[in-house]
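Just the heavy atoms: all of them, side chains too, but no hydrogens, waters or symmetry mates, feed the values below. Residues: numbered from 1 along the sequence shown.
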Amino acid sequence: QVQLVESGGGLVQAGGSLRLSCTASRRTFSTYAMGWFRQGPGKERESVAAINWSSLMRAYADSVKGRFTISRDNAKGTVYLQMNTLKPEDTALYYCAVRRGDAYSLRVDDYDYWGQGTQVTVSS
C-alpha cells in the first residue's frame, strides 16, 4: 500500500502560479511512475501530467502544455506540479497518483494509488 499526501493548493488570481507537492509513504516510490490529475465541478477526472521513474519521460495534457511542469525528487519521495499562467478553467481538485511499474501514462485507469486531492481555485 502506498499513501500519498498532496499539498500546495489554494486560491490564486488568473495569471498567477502555484506549486503542488505530493509525498509518498513508501520507499519504492523511486521505481514508480507518477501522475497528476484533476476533477473540476461537474466534470470527470482528467489527466494533467505524468512522469516516469527516472524523469526522462514526461507527458502533458494539451490544455496545460507550456504552462505546467511535472518533476520529481526520488530522494524525498515527492512529485511536484509547477503551474504557471493559471486560468479559471484550471479550477479543480488536483490529485496525484502512483502507477506500479516505471512506464508513465495519462490514463486514469492505469493508476493504482491515489491521494485525497488538493483544491486549486483560480479567480478571474
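- Judged as a ring-ring contact (aromatic ring centres under 6.0 Å, His included), and not counting sequence neighbours, the contacts of Tyr111 are Phe37.
- Between atom CD1 of residue Ile70 and atom CD of residue Gln82 there is a gap of 12.5 Å, rounded to the nearest 0.5 Å.
- Proximity of Gln13 to Val122: side-chain heavy atoms (C-beta onward) are nowhere separated by under 4.5 Å.
- Contact annotation: the side chain of Leu4 never approaches that of Tyr95 to less than 4.5 Å [non-hydrogen atoms, C-beta and beyond].
- More than 12 heavy-atom neighbours from other residues, nucleotides or ligands sit within 6.0 angstrom of CD on Glu46.
- By the 4.5 Å heavy-atom criterion applied to side chains, Val120 and Met83 are counted as neighbours.
- Counting only distance, with no hydrogens or angles, the side chain of Asp112 and the backbone of Arg100 share a donor-acceptor pair below 3.5 Å.
- A donor-acceptor pair is defined here as one N or O able to donate and one able to accept, closer than 3.5 Å; no such pair exists between the side chain of Arg99 and the backbone of Asn52.
- The shortest heavy-atom contact between Val79 and Cys96 is CG1-CB, 4.5 Å.
- We find the OG1-CG distance between Thr121 and Leu93 to be 9.5 Å, quoted to the nearest 0.5 Å.
- Of all heavy-atom pairs spanning Arg72 and Ser30, the tightest one is NH2-CA, 4.0 Å.
- With sequence neighbours excluded, the residues that form a side-chain contact (heavy atoms from CB on, under 4.5 Å) with Val64 are Arg38, Val48, Tyr60, Ala61, Arg67, Phe68.
- Across every non-hydrogen atom of Ala14 and Pro88, the tightest pair is CB-CD, 4.1 Å.
- By the criterion of side-chain heavy atoms lying less than 4.5 angstrom apart, applied directly or through intervening Ile, Leu, Val, Met, Phe, Trp or Tyr residues, Val2 is grouped together with Ile51 in one hydrophobic cluster.
- Around the CD atom of Glu89, the shell of radius 6.0 Å holds more than 12 heavy atoms that belong to other residues, nucleotides or ligands.
- Across all non-hydrogen atoms, the minimal contact from Ser105 to Asp110 is OG-OD2, 2.6 Å.
- Nearest heavy-atom pair, Pro41 versus Thr91, reported as atom, atom and distance to 0.1 Å: CD-O, 4.1 Å.
- Inter-residue side-chain proximity for Glu6 and Tyr94 is flagged as unmet; no heavy-atom pair is nearer than 4.5 Å.
- With sequence neighbours excluded, no residue satisfies side-chain hydrogen bond (donor to acceptor under 3.5 Å, both in side chains) with Asp73.
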Working for side chain to side chain contact (heavy atoms under 4.5 Å, CB included), residues Met34 and Val98: CA-CA 5 Å; Met34 299 291 296; Val98 168; 3.3 Å; yes
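- A donor-acceptor pair is defined here as one N or O able to donate and one able to accept, closer than 3.5 Å; no such pair exists between the side chain of Asn74 and the backbone of Ser54.
- Within the 4.5 Å cutoff, side-chain heavy atoms of Tyr113 are placed close to those of Gln1.
- For the side-chain hydrogen bond (donor to acceptor under 3.5 Å, both in side chains) test, residues two or more places apart in sequence or in another chain that qualify with Ser17 are Asn84.
- One finds the OG atom of Ser55 at 12.5 Å from the OH atom of Tyr104 (value rounded to the nearest 0.5 Å).
- Under the rule for a side-chain contact (heavy atoms from CB on, under 4.5 Å), the partners of Thr23 that lie at least two apart in sequence or sit in another chain are Thr78.
- Sorted by first and then second residue, the salt bridge (charged side-chain N to carboxylate O under 4.0 Å, His left out) pairs involving residues 50-63 (not counting sequence neighbours) are Asp62-Lys65.
- Following chains of ILVMFWY side-chain contacts shorter than 4.5 Å, one can reach Leu86 starting from Leu20, so the two form part of one hydrophobic cluster.
- Nearest heavy-atom pair across Leu106 and Ala59 is CD1-CB, 3.9 Å.
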